[in-house]
Amino acid sequence: MPELPEVETYVRELAPLLGGRQVTQVQLLWPGVIAAPAASTFAAQLVGQRFVHFSRRGKYMLLGLASSWTLVVHLRMTGRLLLQNGSPPSHTHLILQLENGQQLFYQDARKFGRLWLVADPAPVLAKLGPEPFDPLFTPQALAATLAGRQASIKALLLDQRLVAGVGNIYADEALFRAAIHPARAGGTLLPAEVDLLHSAILQVLNEGIASAGSSLGTSGLQNYSRPGGAPGGFQEQFNVFRRTGAPCRHCDTPIQRLLLAQRSTHFCPRCQR
DNA sequence: ATAAGGCCCTGACCGC
DNA sequence: TGCGGTCAGGGCCTTA
C-alpha cells in the first residue's frame, strides 16, 4: 500500500516526466474517484492546466499547476499513477491526455483513492500531524503525543494526526527496529523507547525511499508501482511485514501475526516484548 | 477527548 | 471447474 516512501518516490519520479506537461483532454471513466470539485466540473477545470510543481504531505501527493491550483492525489490502498502511451489498463478511472502525446492514467482496483482539484490544498491536509522529517517532529514531540494514551502503539502510529505518512508496513517495521511490542499501550513507552521508536521511524522511511518503496505483487494485488510501472524494492528488506511464520532475521523465532486496530500486525515475539 | 467498530470496494484465496 | 464465503485495508464516520 502506498505510504510515505511510495508517495515520495512518485513525486521524485513524476517531476522530470510530468514537469511542464499540459493537460489537453480529460476522460473521467468513474466519477466517484473525484473528491472535489463536483465531477462534472473537474474535467473542464483541469483541461489546459500545466504541471509545474511536485511535492508531498503525508501520503497525499501534491501536483502543483501553473495556475497555482493543485491536483491532490491520495492513492489509499491500490491507487496507481501510470505515465504511459497506449490503451489504459483495467480499473483505470481517469485519463489525462498530455500535449506531448503521453497519457497519465489513474488506476485503482478497489476504488478507495481520491483526487481533489483545489485552489488551496490546506483544508484537505488540515488534520495531518507533523511530517516525520520535519525538525519539529522530535522524540520529545512524539513522547508528548503518546502521553496518557491507552491505545496500542501500533494503532497510534497509523493515526495520521500523530505523525503523517506512516502506514501498516512502516509501522510494523519501525516497531521491530525499536524492539517494541505492537500491542503496548502508547502511554506506557519509556522515554528511551520513544527515542528508539522515533529514530526507527525515520530509519525505515529513509530506507524505503532509498529502495523506491515497497511493492507487494507476488501474492495479492500489485498495489504499488512507480510511474513507469516498475516495482519498488523495499519489500526485499522487510523484517516482519507479511513474514508470518518465517524466521526472525535476528533470532530465528517465527514471526507472529495479530490484529490491532483492524489491521494485520507482524512482529517477533522474542525481539519485541 | 479517546477508543472502537463499520463502511467503502473488488481481486485473490480457500474449502467444498 | 465452479461457486460462495472471507479477507485486506486508509481514511472517514458513527457510536459509546
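Letters A, B, ... are given to chains in the order of the sequence lines, protein chains preceding strands, and every chain is numbered from 1.
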Check: Can you check the A/Met1 CE to B/dG11 P distance for me, whole Å?
Finding: 18 Å

Next item on the list: Could you state the atom-to-atom distance from CZ of A/Arg242 to P of C/dC7 in whole Å?
Entry: 15 Å

Notebook entry, point to check: CG of A/Leu128 versus C1' of C/dG10: gap in Å, rounded?
Noted result: 12 Å

Next item on the list: Just grab all the ring-ring contact (aromatic ring centres under 6.0 Å, His included) pairs involving residues 252-273 of chain A, residues at least two apart or on different chains.
Entry: A/His181-A/Phe267, A/Phe241-A/His266

Checklist line | Under-4.0 Å side-chain N/O to phosphate OP1/OP2 contact, A/Arg114 with C/dG11 | finding: no

Next item on the list: Output yes if the stacking criterion (under 5.5 Å between centres, under 30° between planes) is met for A/Phe112 over the base of C/dG11, else no.
Entry: no

Note to self: Looking at A/Lys111, I'd like to know whether one of its side-chain N or O atoms comes within less than 4.0 Å of OP1 or OP2 on B/dT10.
What the structure shows: yes

Next item on the list: Identify, with sequence neighbours excluded, every residue that meets ring pair (Phe, Tyr, Trp, His ring centres under 6.0 Å) alongside A/Trp69.
Entry: none

Note to self: Using OP1 and OP2 only, check whether a side-chain N or O of A/His91 sits under 4.0 Å from B/dC9.
What the structure shows: no

Notebook entry, point to check: Could you give all pairs that pass the ring-ring contact (aromatic ring centres under 6.0 Å, His included) test and reach residues 95-136 of chain A, with sequence neighbours left out?
Noted result: A/Tyr60-A/Trp116

Next item on the list: List in chain and number order the residues that pass side-chain hydrogen bond (donor to acceptor under 3.5 Å, both in side chains) with A/Gln49, two or more places apart in sequence or in another chain; answer none if no residue qualifies.
Entry: A/Ser67

Item checked: Short N-O contact, A/Arg177 and A/Glu207, less than 4.0 angstrom -> yes

Item checked: Protein-nucleotide distance (A/Arg263, atom CZ; C/dG10, atom P), rounded to Å -> 5 Å

Item checked: A/Glu3 with A/Lys59: basic N within carboxylate O range, under 4.0 Å -> no

Next item on the list: Mind grabbing the angle between the end helix axes of the helix from B/dT2-C/dA16 to B/dC16-C/dG2? Five pairs an end, 10° rounding.
Entry: 50°

Check: Hey, is the side chain of A/Gln160 poking within less than 4.0 Å of OP1 or OP2 on C/dG11, counting only N and O atoms?
Finding: yes

Nucleotides 1-4 of chain B: which of its N/O atoms have a protein N/O under 3.5 Å away?
from	atom 1	to	atom 2	distance (Å)
B/dA3	OP1	A/Gln150	N	2.5
B/dA3	OP1	A/Ala151	N	2.9
B/dA3	OP2	A/Arg149	NE	2.6
B/dA3	OP2	A/Arg149	NH2	2.4

Next item on the list: Check whether any side-chain nitrogen or oxygen of A/Thr78 sits under 4.0 Å from OP1 or OP2 of B/dT10, and answer yes or no.
Entry: no

Next item on the list: Would you mind listing the cluster partners of A/Ile255? Hydrophobic ones only (ILVMFWY), side-chain contacts under 4.5 Å, chaining allowed.
Entry: A/Phe176, A/Val240

Checklist line | 5' precedence on DNA chain C between A/Leu259 and A/Arg76 (nearest-nucleotide basis) | finding: A/Leu259

Checklist line | Partners passing side-chain hydrogen bond (donor to acceptor under 3.5 Å, both in side chains) against A/Asn239 (at least two apart in sequence or in another chain) | finding: none

Check: Closer to the 5' end of DNA chain B via nearest nucleotide, is it A/Trp30 or A/Gln262?
Finding: A/Gln262

Next item on the list: Take A/Ile180 and A/Leu197 through the side-chain contact (heavy atoms from CB on, under 4.5 Å) test and state the conclusion after the steps.
Entry: CA-CA 8 Å; A/Ile180 295 170; A/Leu197 180 58; 4.0 Å; yes

Item checked: With sequence neighbours excluded, residues passing ring pair (Phe, Tyr, Trp, His ring centres under 6.0 Å) with A/His91 -> none

Next item on the list: Return the value, rounded to whole Å, for the distance between atom CZ of A/Arg110 and atom P of C/dG11.
Entry: 15 Å

Item checked: Value in whole Å for how far the C1' atom of C/dG10 lies from CG of A/Leu260 -> 16 Å

Notebook entry, point to check: In whole Å, what is the span from the OH atom of A/Tyr106 to the P atom of B/dC9?
Noted result: 13 Å

Checklist line | Euclidean distance, atom CG of residue A/Asp108 to atom C1' of C/dG11 [Å, nearest integer] | finding: 13 Å

